[in-house]
Protein chains: 2
Amino acid sequence: MIIIIFIIRPMSLRMTPQRHAVLTLINGSARHWDAEAISRALQKNDQRIGIATIYRTLSVLEEAGLIAAVVIGQRKHYERIDKPHHDHMVCEACGRIEEFFHQDIETLQHDIAKRHGFCIQGHSLVIFGLCRQCQ
Amino acid sequence: MIIIIFIIRPMSLRMTPQRHAVLTLINGSARHWDAEAISRALQKNDQRIGIATIYRTLSVLEEAGLIAAVVIGQRKHYERIDKPHHDHMVCEACGRIEEFFHQDIETLQHDIAKRHGFCIQGHSLVIFGLCRQCQ
DNA sequence: TGCTATTTGATAATGATTATCATTATCTTT
DNA sequence: AAAGATAATGATAATCATTATCAAATAGCA
Ligand SMILES: [Mn+2]
Ligand SMILES: [Mn+2]
Ligand SMILES: [Zn+2]
Ligand SMILES: [Zn+2]
């Protein structure tokens with residue numbers, strides 16, 4: 001957490017119990033969290049944080065580069081930042097989210113962006129289907 | 001439009017001026033439309049359709065397989081169905097949407113899905129960046 | 001310890017989408 | 001062509017996720 005303070009402070013942000021709780025929760029699992037899921041998980045832990053604060057905290061932590069965001073469906077989910085870049089595969093039946101990385105897919109995206117004169121800044125790739133258990 | 005009736009009727013749906021207007025608008029351009037854009041375009045044409053009807057119509061037409069939907073950002077956009085499958089490249093500065101298709105990217109997605117035991121049903125790939133004019 | 005800018009949380013507001021329901025229109029059947 | 005059954009429309013209320021407001025609380029620094 002010490003490193004957090006070195007990131008947080010120069011942005012004139014303060015480390016609060018709320019921010020600590022959200023960050024600890026996300027860093028403590030491999031899950032993908034949305035605001036509601038975080039709220040519920042913290043309540044189970046007897047940490048109740050106002051929902052507005054959760055939304056604010058997620059934005060702040062994302063902007064500070066301390067968590068990563070993924071849009072799945074039309075909802076924003078957050079996950080720990082300490083994983084290398086990857087894309088997602090979502091089971092339409094059970095909601096299971098699996099991660100994958102394929103260097104060729106990454107490279108080809110850059111190729112095609114260049115071909116269109118686009119300066120690529122990012123991408124969102126989500127594969128929908130049925131996981132092994134659900135098909 | 002005759003073919004529409006062959007599709008619409010067996011689903012016990014009715015062809016109405018509103019549905020005709022929305023379908024004609026979408027089929028008449030290469031654009032990607034959201035509900036608000038359709039509402040504005042129709043009003044300019046002196047066709048004013050209730051916004052609720054526009055949402056309903058878009059769902060109905062999508063379910064009937066008469067238009068295609070794409071989620072861009074966290075908003076649903078619709079486009080004509082008579083284009084081969086493609087993905088999208090969005091300029092973060094001007095909102096320009098370009099289309100591309102890359103067979104290798106398609107194939108590799110199937111490969112990786114299989115590798116994860118997923119039965120792939122679809123995917124959403126959006127590349128974000130800056131178009132030639134905006135960089 | 002005290003000061004001040006930042007943060008929180010309760011709640012109101014917003015924006016997009018969906019539900020409700022009385023009225024209107026379509027399509028099928030006479 | 002008219003009627004009847006059923007589906008669709010549109011005005012508006014409701015919902016859902018997210019953001020704004022603002023007084024009270026707090027973190028970090030002197
Ligand atoms: Mn992930
Ligand atoms: Mn398209
Ligand atoms: Zn599953
Ligand atoms: Zn542009």
Side-chain angles (χ1 to χ4, degrees), chain A residues 1-25 32-43 45-64 66-67 69-78 95, chain B residues 1-25 32-43 45-64 66-67 69-78 95:
Chain A
M1 193 58 62
I2 196 81
I3 211 163
I4 307 309
I5 288 162
F6 282 119
I7 294 167
I8 283 284
R9 286 274 66 229
M11 304 178 81
S12 62
L13 298 173
R14 293 171 182 181
M15 183 49 60
T16 66
Q18 291 87 344
R19 286 173 179 175
H20 185 272
V22 171
L23 196 48
T24 299
L25 184 70
H32 301 81
W33 302 87
D34 64 10
E36 267 316 319
I38 287 176
S39 179
R40 284 194 304 272
L42 291 178
Q43 290 193 331
N45 244 49
D46 285 319
Q47 298 164 291
R48 72 193 55 239
I49 296 179
I51 188 69
T53 299
I54 291 176
Y55 278 104
R56 268 184 309 230
T57 298
L58 289 170
S59 298
V60 165
L61 295 178
E62 188 197 354
E63 276 160 38
L66 295 169
I67 57 175
V70 211
V71 175
I72 295 171
Q74 27 261 35
R75 198 82 149 282
K76 222 172 186 183
H77 291 243
Y78 297 87
Chain B
M1 193 59 62
I2 196 81
I3 210 161
I4 306 308
I5 289 163
F6 283 118
I7 292 167
I8 283 284
R9 287 271 70 227
M11 306 176 80
S12 61
L13 299 173
R14 294 173 182 179
M15 183 50 59
T16 66
Q18 291 86 345
R19 287 172 179 176
H20 185 271
V22 171
L23 195 48
T24 299
L25 183 70
H32 302 81
W33 301 87
D34 63 11
E36 267 316 321
I38 287 176
S39 179
R40 283 194 305 272
L42 291 178
Q43 290 194 331
N45 243 49
D46 285 319
Q47 298 164 292
R48 71 193 54 235
I49 297 179
I51 187 69
T53 299
I54 290 175
Y55 278 104
R56 268 183 310 229
T57 298
L58 289 170
S59 298
V60 164
L61 294 178
E62 187 197 354
E63 276 159 40
L66 295 170
I67 57 176
V70 210
V71 175
I72 294 172
Q74 28 261 31
R75 198 83 149 281
K76 222 171 186 186
H77 291 242
Y78 297 88

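Protein chains get the first letters and strands the later ones, always in sequence-line order, with residue 1 at the start of each.
Shown here are the ring pair (Phe, Tyr, Trp, His ring centres under 6.0 Å) partners of B:His32, two or more places apart in sequence or in another chain: B:His88. With sequence neighbours excluded, the residues forming a side chain to side chain contact (heavy atoms under 4.5 Å, CB included) with B:Arg48 are B:Gln43, listed by chain and number.
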task = Could you please spell out the steps behind the side-chain contact (heavy atoms from CB on, under 4.5 Å) verdict for A:Leu42 and A:Val22?
result = CA-CA 8 Å; A:Leu42 291 178; A:Val22 171; 4.2 Å; yes
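What separates CD1 of B:Ile38 from P of C:dA16 is a distance of 15 Å, to the nearest Å. Going from atom CZ of B:Phe6 over to atom P of C:dC27 covers 13 Å, rounded to whole Å. Between the C1' atom of C:dT17 and the NE2 atom of B:His77 lies a distance of 14 Å, rounded to the nearest Å. The separation between A:Leu58 atom CG and C:dT7 atom P is 15 Å, rounded to whole Å. A:Ile49 has its CD1 atom 14 Å from the P atom of D:dT26, to the nearest Å. Distance CE (A:Met11) to P (D:dG28): 15 Å, rounded to an integer number of Å. At whole-Å resolution of the value, NE2 in B:His20 and C1' in C:dA25 are 16 Å apart. What separates CZ of B:Arg19 from P of D:dG10 is a distance of 11 Å, to the nearest Å.
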ask   = Just by protein heavy atoms under 4.0 Å, how would nucleotides 12-25 of chain D read 5' to 3' in B, S and -?
value = B----SBBBB----
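Considering only side-chain atoms of B:Pro17, the nucleotide from D:dA27, D:dG10, C:dT26 that sits closest is C:dT26. Across C:dT26, D:dT26, C:dC27, the shortest atom-to-atom separation from the side chain of A:Arg14 is found for D:dT26.
For the helix from C:dT1-D:dA30 to C:dT30-D:dA1, the terminal axes (five pairs an end, C1' atoms, rotation from four pairs onto the next four) enclose an angle of 30°, given to 10 degrees.
Proximity of B:Thr16 to the phosphate of D:dA7: no side-chain N or O atom is located under 4.0 Å from OP1 or OP2. Contact annotation: B:Arg9 side-chain N/O to C:dT28 OP1/OP2 distance is under 4.0 Å.
Atom CZ of residue A:Arg40 and atom CG of residue A:Asp34 lie 7.0 Å apart, to the nearest 0.5 angstrom. Taking CG of B:Leu66 as the start and CG of B:Leu61 as the end, the distance is 6.0 Å to the nearest 0.5 Å.
For A:Leu23 against A:Ile67, the heavy-atom pair with the smallest separation is CD1-CG2, 3.8 Å. A:Ile5 and A:Pro10 get closest at one heavy-atom pair: O-CD, 3.8 Å.
Evaluation of the salt bridge (Lys or Arg N to Asp or Glu O under 4.0 Å) test over residues 4-22 of chain A, restricted to residues two or more places apart or in two chains, returns none.
Among the atoms of the strands shown, base atoms are found under 4.0 Å from some heavy atom of A:Thr53.
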Pairs under 3.5 angstrom only: tabulate donor-acceptor contacts from the side chains of residues 51-59 of chain A to other protein residues two or more places apart or in another chain.
from	atom 1	to	atom 2	distance (Å)
A:Thr53	OG1	A:Arg56	NH2	3.0
A:Thr57	OG1	A:Thr53	O	2.6
A:Ser59	OG	A:Tyr55	O	3.3

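Taking the nucleotide of DNA chain C with the nearest heavy atom to each of A:Ser12 and B:Leu13, the more 5' of the two is matched to A:Ser12.
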